[in-house]
Amino acid sequence: DLRGIVEARISPVPHALTFFRTPHGQPLPVFRNRRALCTLHAGPARALSVLRLHNLDCSSIMKSLDIDPFSSANLADPEPFQRALHEAGAVAWLTRYKIYATGRFDIAQCILNDPGSFISGEGVGLADERATQGLPDEQSENISTSHRKRTPLVEEDGQTHLENRAALDVVLNASTIKAITAESNRIALGLLEPLLEKGRFDAIGEWVIPVVLQAFPDAYGVVPEGRDNLLALGELALNSLGPRNANFMASAARFPQIKRWLQHALPVDEMDGGKIGRRIHDEALRTGKSAADAQSLIQAVLISGIDTTVAGISNTLHCLAERPDQWRWVVQRPELAIRAFEEAMRIAPPVQMCYRLLAVDCALDGMRLNSGARIMIHLGAASRDPRHFPEPGRFDVRRSSRDTLSFGAGLHRCVGRALARGQAEGMIRALASRADEIGCEKPVTFLPNNTLRRPTELLMNVSQAREKRP
């Protein structure tokens, strides 16, 4: 009889997991409820053994998958692995990497919304080490062997993470985002006009990348020279979340060059006081951060935002160019531009997978998961989960995809999502106002990266509109 011992709080998330928390705040799993997510709050400590013994449902058998999601074939076409992950059930065991993996939307959503039980501070990559996304220690030029520092945005938990996010929220407010978006739209339209005259161009290399590397870095205070290093840095950071394979080593070979550039790319002392990088730096110092931590914070924003924005916009253009009927909807109804971006983020998320460390033993859909292990949250598979999305493989700009997990969820949700959405909507609207028809040449090849998914180039054929539309 648990009456008087626990208090239940009901949430509309089905088939989820439940935790019992001790008086010291340690989360312990209790049971899965098929109708609702019930969080049991701390009662007498003597109840712990009873709850763990009798109510932890671990009757299901977890399937093992001997498939390498990082093989060249699966990175080029991730859908076969995604289907295998769906067919395996709520959670599978990846034998090659000795980690758990899930491609279920509801399970992924619960994990991302429970940062106390599935933690980021031990690294958000495949490797079981403190840091899997940040930069190497300054003492080493060899990124493949050096112990790397944590990224202050992604790989921090608790109060430290909240403090870092608070410093960014003060600066990256609605008015700042609006100003950058307006400038991005101006740049995008100016670059688009001569490209349309050509009729055929690489939409990524000649349009998307130049816009993204100018609008935000200008406002941020990045030096104009060598900004292509931002792309290389982002590719390296995302490659490093996976195994130390050929993709990673190819990115790592550029690290000495990137490191030398980064040392002078953000001259905070020389920045105008209105630059975003300077404002974040000053806000971090005001809240008690050291100068080194403040510098790491402004670097982290650049590392985590440039490549993913390029990929999100590029994937959207790819989806639209391959589906003329969907492009016609956007031309006829420009307000669907943002939905086109959100739908592309669902069907082709730039970040295909992320990872968490289990801080506690838990049960997911009747399967026991052990603390200390890592779990892959396959965002690409979760975004195509047929349990949550009807016809998940169909790209439909009229679908509402706001609940996609492509920007993450919970405390670690992407801090730059509003800016990415604003830039993407502006570029799609600009193209829709000038082009009646678009198409892309095939085959389209994809960037060889362990985490990031986007075409390497997108050769588009464009039919200009007879009259410019607003």
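Note that this is a predicted model, so its numbers are computed, not measured.
- The backbone N or O of L411 sits less than 3.5 Å from a side-chain atom of R165, completing a donor-acceptor pair.
- Among pairs with a residue in residues 66-91, those fulfilling ring pair (Phe, Tyr, Trp, His ring centres under 6.0 Å) read F70-Y97, F81-H378, at least two apart in sequence or across chains.
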Inset, instruction - Assess whether salt bridge (charged side-chain N to carboxylate O under 4.0 Å, His left out) is satisfied between E425 and R429, documenting all intermediate values. - result: CA-CA 6 Å; E425 181 180 18; R429 279 178 172 265; 3.3 Å; yes
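- The closest side-chain heavy-atom distance from L75 to N247 is below 4.5 Å.
- Counting heavy atoms from C-beta on, the side chains of L379 and T404 never come closer than 4.5 Å.
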Inset, instruction - Please lay out, stage by stage, how Y100 and W93 fare under the test ring pair (Phe, Tyr, Trp, His ring centres under 6.0 Å). - result: CA-CA 5 Å; Y100 301 114; W93 177 253; 5.1 Å; yes
Inset, instruction - Determine, stepwise, if the pair R346 / D385 fulfils salt bridge (charged side-chain N to carboxylate O under 4.0 Å, His left out). - result: CA-CA 10 Å; R346 180 195 66 82; D385 185 354; over 6 Å; no
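- Judged by distance alone, with hydrogens and angles left aside, the side-chain atoms of N229 form no donor-acceptor pair with the main-chain N or O of A232 at under 3.5 Å.
- Judged purely by atom type and a 3.5 angstrom limit, R244 uses its side chain to pair as donor or acceptor with the backbone of S240.
- Counting only heavy atoms from C-beta outward, the side chains of E206 and L192 never approach each other to under 4.5 Å.
- Residues satisfying the ring-ring contact (aromatic ring centres under 6.0 Å, His included) test with F341, not counting sequence neighbours, are none.
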Inset, instruction - Take R200 and E441 through the salt bridge (charged side-chain N to carboxylate O under 4.0 Å, His left out) test and state the conclusion after the steps. - result: CA-CA 10 Å; R200 177 181 180 272; E441 298 183 8; 2.5 Å; yes
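- Side-chain contact between H161 and N164: absent, with no pair of heavy atoms (C-beta onward) separated by less than 4.5 Å.
- Comment: D396 does not engage R323 in a salt bridge, judged by the lack of any side-chain N to carboxylate O separation of less than 4.0 angstrom.
- Looking at residues two or more places apart in sequence or on another chain, you find a side-chain contact (heavy atoms from CB on, under 4.5 Å) between P350 and A311, N315, M345, L452.
- The neighbour count for K198 NZ, taken as heavy atoms of other residues, nucleotides or ligands under 6.0 Å away, is above 12.
- The backbone N or O of V171 lies less than 3.5 Å from a partner atom in the side chain of T176, making a donor-acceptor pair.
- Judged purely by distance below 3.5 Å, without hydrogens or angles, the side chains of R356 and S120 pair a donor atom with an acceptor atom.
- The structure places CD1 of I107 at 11.0 Å from CD1 of I377, a figure rounded to the nearest 0.5 Å.
- Taken from CG in L236 to CZ in R254, the straight-line distance is 10.0 Å, to the nearest 0.5 Å.
- Donor-acceptor pairing under 3.5 Å is lacking for the side chains of T451 and N449.
- We find the CG-CZ distance between L195 and R434 to be 13.0 Å, quoted to the nearest 0.5 Å.
- Side-chain contact, S463 with D436: no donor N or O sits under 3.5 Å from an acceptor N or O.
- Side-chain contact between V301 and Y220: present, with at least one pair of heavy atoms (C-beta onward) separated by less than 4.5 Å.
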Inset, instruction - Mind running side-chain contact (heavy atoms from CB on, under 4.5 Å) on I303 and L230 for me, showing each step along the way? - result: CA-CA 7 Å; I303 294 172; L230 289 172; over 6 Å; no
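- Rounding to the nearest 0.5 Å gives a distance of 12.5 Å between CD of E235 and CD1 of I306.
- Listed for the E155 side chain is a donor-acceptor partner under 3.5 Å among the backbone atoms of V124.
- The cationic atom of R453 (NZ for Lys, CZ for Arg) lies less than 6.0 Å from the six-membered ring centre of F446 and within 45° of the ring axis.
- Interatomic distance, CZ of F216 versus OG of S184, reported as 11.5 Å (0.5 Å rounding).
- Here the side chain of R469 pairs no donor or acceptor atom with the backbone of A430 at under 3.5 angstrom.
- Scanning both residues, P448 and N239, for their nearest heavy atoms gives O-ND2, 4.0 Å.
- A heavy-atom distance below 4.5 Å is not found between the side chains of F105 and R387.
- At a threshold of 4.5 Å between non-hydrogen side-chain atoms, the residues V415 and D169 count as touching.
- Between the side chains of N245 and N450, a donor-acceptor pair is found at a separation under 3.5 Å.
- Looking only at atom types and distance, the side chain of T456 has a donor-acceptor partner in the side chain of T445 under 3.5 Å away.
- Of the possible polar contacts, one joining the Q352 side chain to the P349 backbone as a donor-acceptor pair under 3.5 Å is found.
- For the salt bridge (Lys or Arg N to Asp or Glu O under 4.0 Å) criterion with E342, the lone passing option out of R417, R421, R399 is R421.
- Between T181 and N185 the shortest side-chain heavy-atom distance falls below 4.5 Å.
- Under a 3.5 Å cut-off, the side chain of R374 and the backbone N or O of K98 do not form any donor-acceptor pair.
- Looking at S383, its side chain never comes within 3.5 Å of a backbone N or O of G380 through a donor-acceptor pair.
- Note that the CG atom of D361 and the OG atom of S371 stand 4.0 Å from one another [nearest 0.5 Å].
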